[in-house]
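The block underneath contains the structure these notes are about, expressed in structure tokens.
Quick caveat: nothing in here was measured; it's all calculated off a predicted structure. In what follows, chains are A, B, ... by sequence order, proteins preceding strands, each numbered from 1.
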Amino acid sequence: MKSDELFALLRRRGVLWPTAEIYGGAQGLYDYGPLGARLKRRIEEAWTTWFLGLSNDYYLIDPAEILPEAVVRASGHLENFTDPEVVCDACHSAFRADTVLEKIRPDGVDGLTAAEIAAIVHANRVHCPHCGSSELSVPPPFNLMFGLDYGVTGHERAYLRPETAQSSYLAFARMWDVGRHALPLGIAVVGKAYRNEIAPRQVLFRLRAFTQAELQIFFDPRGLPVPFDAVREERLPVLRVPRREAGEESPEWVTAAELVGKGNLPEFYVYHMVHTFRFFRDVLRYPGDRIRFFEKSDTERAFYNRIQFDIEVHVESLAGYKELGAVHYRGDYDLTRHGQGAGKDFTVTLTGGTRVLPHVLELTFGVDRNVWATADLLIAKDGERTVWRLPPYLAPVAVGVFPLIPKEHGSEAVRIANDLAAHGIPVGYDDTGTIGKRYARMDEAGTPFCVTVDGGTVGTGPEHGTVTLRERDGRTQSRWPVGELAGRIAPALLLPWPARA
RNA sequence: GCGGGCAUAGUGUAGUCUGGUCAUCACAUAGGCUUGCCAAGCCUAUAACCCGGGUUCAAAUCCCGGUGCCCGCACCA
């Protein structure tokens with residue numbers, strides 16, 4: 001489906017809609033409705049269950065969304081958040097200042113103010129690379145963070161966090177003590193981050209307020225031990241830099257062992273690529289052939305990353321591969337910076353007395369983008385029928401309960417619905433329209449099971465006390481005693497765990 | 001941010017060029033009849049010209065501003 005069509009469907013069904021819609025909306029902000037809120041929460045829970053399931057030493061924390069200025073100064077976000085730009089007043093093209101001035105200032109323009117850069121531009125009579133005009137100007141730096149007047153006087157500066165990762169770095173010292181004074185130590189955060197994006201676009205793909213799920217794994221720089229043998233034969237779809245430079249868009253399927261051997265990547269890194277891939281393919285149930293690991297080159301990589309593969313998924317609605325997560329080897333950049341910023345030393349002493357500054361492997365996941373991706377990848381048109389093939393454990397409503405004839409079977413159906421709900425199963429009750437219409441509504445909402453109460457259920461014949469259980473994907477129907485329903489449905493709602501060696 | 005395009009019920013649309021009927025059609029939604037396990041049929045109801053200003057006897061239609069969306073460029077630390 002095209003983006004517009006998919007968004008119309010999601011809006012109509014109450015999955016999501018623009019924030020402040022009645023005032024005309026607000027760029028880059030969306031609200032989740034009943035279906036969307038549940039789906040998003042289930043995706044977050046699936047992520048948490050899977051990635052915390054990788055180790056007993058990985059923990060979820062829930063830190064504040066506001067960061068004092070000292071934090072973002074140390075992290076580099078205050079100065080590095082945006083590269084200074086030069087814009088052409090004649091043709092309105094914009095360029096990175098360091099690119100335009102690379103011959104004049106080969107060392108770049110870091111640390112210069114807009115006025116200083118403008119002075120260099122004019123002193124050297126720099127012309128627009130696009131149209132040749134000399135009318136270049138340098139706008140004041142635009143920081144992508146939302147600044148806050150913090151405290152009563154408003155003189156203290158604070159910022160909405162631009163990424164959740166910083167919260168984990170801030171927590172490291174405390175978590176070292178709370179934990180067992182051992183590495184590896186994983187700190188996960190699922191929460192909102194905020195960026196004042198210049199051009200929010202593509203619905204959930206460029207938001208000004210968005211939800212990230214990130215796991216920071218702190219490990220001994222001499223090595224992060226992983227049970228690599230358990231994954232060495234797993235094939236991953238990988239698009240590395242040389243292949244990209246040859247103009248290829250499609251990934252190659254290579255084994256984990258080859259990525260380590262010929263590919264020259266660390267075992268711990270590839271091991272986490274495998275589990276990330278399995279999460280997308282086996283938990284979210286995205287088709288494996290839509291997924292690729294996209295290696296970032298030296299120039300594309302964020303400055304703090306030593307190795308960076310984005311995990312990208314091909315979505316039809318946006319006609320291309322979109323980044324839905326990433327695996328970042330950040331080295332000791334973050335603890336070093338916060339050590340300097342806070343005037344502390346985050347070196348830790350391991351058993352045996354060795355002192356190390358931990359390195360960080362970051363697994364990051366965009367929750368909102370994956371809400372969209374589940375819709376894009378898992379909604380299928382089947383003739384007139386629209387079916388959202390969500391895995392049962394992600395479905396906002398697990399089971400729809402219908403009376404075949406509301407007047408005759410309604411009270412029994414309500415009783416059954418209440419009973420299932422009491423077992424912790426999310427239930428939707430519907431007694432309007434024809435039975436086919438109710439099935440269709442549930443298909444569209446991703447509900448995997450429907451239970452229909454009919455004359456047999458309430459009658460005295462052999463079908464007394466049994467109902468029809470209809471499954472979304474195969475449209476198969478089977479007859480079940482009411483008392484066995486919860487036991488039949490509940491196992492399908494359990495979130496998958498990663499296989500541990 | 002820049003350039004181009006677009007904006008009509010819940011959804012998709014007709015009408016806009018060429019101003020003039022208290023705005024078309026379908027689906028969806030709600031109620032009724034009928035049917036009774038996969039969006040059937042009939043009847044009824046609800047429901048819209050993005051916001052603000054201007055031109056005009058008259059604006060969904062023309063003009064200006066704003067907001068939002070789409071595409072391209074730039075950006076995505």
Side-chain angles (χ1 to χ4, degrees), chain A residues 2-14 17-29 72 75-96 99 110 129-130 137 139 141-145 162-163 165-166 193 195-203 205-208 210 296 300-305 310 317-319 322-323 366 382-387 400 402-409 432-444 450-457 467-472 475-479:
Chain A
K2 299 299 294 177
S3 179
D4 285 353
E5 189 188 353
L6 188 57
F7 184 47
L9 169 65
L10 297 177
R11 197 171 32 190
R12 178 166 54 78
R13 289 307 309 250
W17 54 75
T19 296
E21 205 178 4
I22 60 169
Y23 286 96
Q27 266 188 55
L29 299 175
V72 293
S75 69
H77 287 94
L78 206 49
E79 52 177 315
N80 273 320
F81 208 72
T82 287
D83 295 308
E85 278 194 353
V86 174
V87 297
C88 173
D89 295 327
C91 73
H92 302 295
S93 300
F95 310 92
R96 285 171 56 148
T99 309
D110 284 357
H130 181 247
S137 62
F142 178 69
N143 195 288
L144 289 175
M145 284 190 295
E163 62 176 15
Q166 294 308 319
R195 297 179 193 178
N196 198 4
E197 294 284 359
I198 296 168
R201 218 173 259 194
Q202 297 185 317
V203 198
F205 277 78
R206 187 92 66 93
L207 295 168
R208 289 193 168 133
F210 57 103
K296 291 298 185 83
E300 294 165 330
R301 215 154 49 211
F303 58 88
Y304 46 70
N305 280 329
D310 289 346
S317 56
L318 302 172
K322 304 300 288 185
E323 177 194 346
D382 176 7
E384 220 187 332
R385 214 165 66 109
T386 302
V387 191
F402 317 138
L404 187 60
I405 304 171
K407 277 182 228 154
E408 296 174 25
H409 315 131
T432 62
T434 62
I435 193 75
K437 200 171 265 191
R438 292 180 236 162
Y439 285 144
R441 272 197 284 256
M442 286 296 170
D443 286 342
E444 198 176 61
C450 291
V451 165
T452 301
V453 178
D454 59 18
T457 316
V467 292
T468 302
L469 180 68
R470 180 261 196 187
E471 297 188 45
R472 176 194 66 204
R475 293 214 276 177
T476 55
Q477 297 192 340
S478 53
R479 200 87 199 172

Which is true for A:Asp454 with a 4.0 Å heavy-atom rule: it touches a base, it touches only sugar-phosphate, or it touches nothing? base

Note: A:Arg385-A:Asp443 ion pair, threshold 4.0 Å (strictly below): yes

Per A:Gln27 side chain, nearest of listed nucleotides B:G31, B:G68, B:A40: B:G68

Nearest-angstrom distance from the residue atom CZ of A:Arg11 to C1' of B:A28: 14 Å

Expressed as a whole number of Å, how far does the C1' atom of B:U16 sit from that of B:C73? 31 Å

So for A:Tyr23 and B:C51, does any side-chain atom that can act as donor or acceptor lie under 3.5 Å from a complementary atom in the base? no

Within the structure shown, what part of the strands sits under 4.0 Å from A:Arg438 by heavy-atom distance: base, sugar-phosphate, or nothing? base

Would you please confirm or rule out a distance under 4.0 Å between OP1 or OP2 of B:C37 and any side-chain N or O of A:Gln477? no

May I ask you to say what A:Ala199 touches in the nucleic acid, namely base, sugar-phosphate or nothing, with a heavy-atom cut-off under 4.0 Å? base

Under 4.0 angstrom, heavy atoms only, what part of the nucleic acid is A:Glu163 near: base, sugar-phosphate, or nothing? base

Does any donor-acceptor pair link the side chain of A:Glu197 with the base of B:C76 at a separation under 3.5 Å? no

Roughly, in whole Å, what's the span from CZ in A:Arg206 to C1' in B:G1? 12 Å

For a quick check, tell me whether the side chain of A:Arg201 and the base of B:C75 share a donor-acceptor pair closer than 3.5 Å. no

Which dot-bracket string fits RNA chain B when only Watson-Crick or G-U wobble pairs with both atom distances under 3.5 Å count, crossing pairs get [ ], and | stands for a partner on a different strand? (((((((..(((.......[....))).(((((.......)))))....(((((..]....))))))))))))....

Can you check whether A:Lys437 has a side-chain N or O nearer than 4.0 Å to OP1 or OP2 of B:U29? yes

Side chain of A:Arg195 only, please: which of B:G36, B:G1, B:C76 is the nearest? B:C76

With respect to the side chain of A:Pro162, which nucleotide from B:G31, B:C37, B:A77 is positioned closest? B:A77

If you draw the axis of the six-membered ring of A:Phe210, does the NZ or CZ of A:Arg195 fall within 45° of it and under 6.0 Å from the ring centre? no

Of A:Glu21 and A:Tyr439, the one whose nearest nucleotide on RNA chain B sits closer to the 5' end is A:Glu21

Has the side chain of A:Arg12 got a donor or acceptor atom sitting under 3.5 Å from an opposite partner on the base of B:G12? no

For the pair made of CG in A:Leu207 and P in B:C69, what is the distance, rounded to whole Å? 11 Å

Are any of the side-chain heavy atoms of A:Pro18 and A:Phe7 separated by less than 4.5 Å? yes

Looking at A:Arg470 and B:C38, is any side-chain donor or acceptor paired with a base atom of the opposite kind under 3.5 Å? yes

For A:Arg441, all residues meeting salt bridge (charged side-chain N to carboxylate O under 4.0 Å, His left out), sequence neighbours excluded: A:Asp430

Just to be sure I understand the rule, does A:Ile435 reach a base, reach only the sugar-phosphate, or reach nothing, if contact means heavy atoms closer than 4.0 Å? sugar-phosphate

Using only heavy-atom distances, determine whether the side chains of A:Arg479 and A:Thr468 contain a donor-acceptor pair under 3.5 Å. yes

Quick one: is B:C37 close enough that its OP1 or OP2 comes under 4.0 Å of any side-chain N or O from A:Thr468? no

Per atom distances to the A:Arg475 side chain, the nearest of B:A40, B:C75, B:C38 is B:C38

Considering only heavy side-chain atoms of A:Thr452, the closest of B:C37, B:G12, B:C76 is B:C37

Hey, does A:Leu207 have a side-chain heavy atom less than 4.5 Å from the side chain of A:Glu197? no

Between A:Gln202 and A:Glu444, which residue's closest nucleotide on RNA chain B lies nearer the 5′ terminus? A:Glu444

Pick base, sugar-phosphate or nothing for A:Thr386, based on heavy-atom distances below 4.0 Å to the nucleic acid. base

